Amino acid sequence: MKRIYPLIISLLTLTACSNESQNATDTAQAEFDKKQTEIKKNIAEQEEQDRPQFELPAVDFTSPVARVDLKNDEEIITSVGLPVVEKESGANQNGEPMTTYYFSEDQRNGLELSLSREFVDVAWKYDAGNPQKAYAVFDDGQRITRALLGGEIGAGLYSSIVKGSDIDAMTFEDGTAVNHARCGESVCRYQVMR
């Protein structure tokens with residue numbers, strides 16, 4: 001009988017410790033779940049802030065856009081449909097020669113293309129405070145995207161990034177590769193490998 005009491009006390013202690021351990025695990029899991037929910041909420045809020053904050057032009061499937069040869073600089077520049085306002089020579093991030101073409105004198109609203117041997121950088125800057133000009137710049141961005149990638153693929157990429165998608169790298173069935181595609185608070189951009 002004397003041995004039973006210590007055994008019973010040991011069992012009760014172990015049970016109490018086991019319950020405390022389970023409670024600690026439940027508490028830790030609840031905190032983890034709460035933090036996970038907060039992180040997802042913050043990511044969603046950031047995506048909402050990053051995407052353009054005005055009514056964007058819808059993809060116009062009724063007007064065909066001819067796909068350009070990615071190796072032909074003149075064809076790419078002509079496909080923009082706007083005169084080149086300024087041209088600047090420089091180097092890309094790998095030190096290779098690159099030429100940047102600006103299609104607007106307005107520093108806040110305009111399309112720019114940077115062409116190098118390795119890739120085509122496309123960027124359009126927009127001022128959400130001037131929706132009329134911004135709308136026109138998005139039309140230009142849509143047109144060049146469709147010209148570089150083809151109607152359907154270009155329209156899909158354009159639609160994705162203006163809705164807030166952030167694409168680090170994507171390769172299409174035809175082998176065309178696009179990197180760093182995203183829209184921010186005042187600029188949309190992507191890079192097409194040549």
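Keep in mind it's a predicted model, so treat the numbers as computed, not measured. Starting from 1, each residue takes its place in the sequence as its number.
- In terms of modelled atom types and a separation under 3.5 Å, the side chain of T78 and the main chain of E75 share no donor-acceptor contact.
- Residue L115 comes nearest to V120 through the heavy atom pair CD2-CG1, 3.5 Å, listed as atom of the first residue, atom of the second, then distance.
- Listed here is the closest heavy atom pair of R143 and V80: NE-O, 3.0 Å.
- Across D127 and A134, no two heavy atoms sit closer than the pair O-CB, 3.6 Å.
- When side chains are defined from C-beta on, V187 does not count as touching W124, because their heavy atoms never get closer than 4.5 Å.
- No continuous path of hydrophobic side-chain contacts links V178 to V65 [ILVMFWY only; heavy atoms under 4.5 Å].
- Residues C188 and Y126 are in side-chain contact: their nearest non-hydrogen atoms beyond the backbone lie under 4.5 Å apart.
- Minimum interatomic distance between D166 and R182 (heavy atoms only, all atoms of both residues): OD1-NH2, 2.5 Å.
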Exercise for review: Take T176 and T171 through the test side chain to side chain contact (heavy atoms under 4.5 Å, CB included) and record every step on the way to the result.
Suggested key: CA-CA 6 Å; T176 305; T171 303; over 6 Å; no
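- Residues Y158 and L149 fail the side-chain proximity criterion, which asks for heavy atoms closer than 4.5 Å.
- Grouping the Ile, Leu, Val, Met, Phe, Trp and Tyr side chains by contacts below 4.5 angstrom, directly or via other members, places V122 with V84.
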Practice item. Starting from the C-alpha separation in whole Å, work towards a yes-or-no answer on side chain to side chain contact (heavy atoms under 4.5 Å, CB included) for Q93 and F119. Key: CA-CA 11 Å; Q93 65 262 28; F119 47 79; 3.4 Å; yes
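- Considering all non-hydrogen atoms of both residues, S116 and N92 come closest at OG-ND2, 3.3 Å.
- At a cut-off of 3.5 Å, with distance as the only test, no side-chain donor of S165 or S160 sits close to an acceptor on the other residue.
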Check your understanding: Would T100 and D121 satisfy side chain to side chain contact (heavy atoms under 4.5 Å, CB included), going step by step from the backbone distance to the final call?
Key -> CA-CA 9 Å; T100 301; D121 262 331; over 6 Å; no
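- Residue L82 holds its CG atom at 12.5 Å from CD1 of I77, rounded to the nearest 0.5 Å.
- Side-chain heavy atoms closer than 4.5 Å link hydrophobic residues (I, L, V, M, F, W, Y) into clusters, and following such links, possibly through other members, connects F172 to I167.
- The two residues V85 and F103 have their closest heavy-atom pair at CG2-C, 3.7 Å.
- Placement of V192 and V162 within a single hydrophobic cluster is found when ILVMFWY residues are connected by side-chain heavy-atom separations under 4.5 Å, directly or transitively.
- Taking S104 as the reference, D106 meet the side-chain contact (heavy atoms from CB on, under 4.5 Å) condition, with sequence neighbours excluded.
- In summary, the side chains of Y190 and T145 do present a donor paired with an acceptor at a separation below 3.5 Å, with no hydrogens or angles considered.
- Residues M98 and L70 fall into different hydrophobic clusters, defined by Ile, Leu, Val, Met, Phe, Trp and Tyr side chains chained together at heavy-atom separations under 4.5 Å.
- Looking only at distances, no side-chain donor or acceptor of Q191 sits under 3.5 Å from a matching main-chain atom of N179.
- With rounding to the nearest 0.5 Å, the separation of CD1 in I153 from CZ in R67 is 6.0 Å.
- Within the 4.5 Å cutoff, no side-chain heavy atoms of R108 are placed close to those of K125.
- Heavy atoms of other residues, nucleotides or ligands lying less than 6.0 angstrom from CZ of R194 number more than 12.
- Here the straight-line distance linking atom OG of S79 with atom CG of D69 works out to 11.0 Å at 0.5 Å rounding.
- Contact annotation: the side chain of E88 approaches that of Y102 to within less than 4.5 Å [non-hydrogen atoms, C-beta and beyond].
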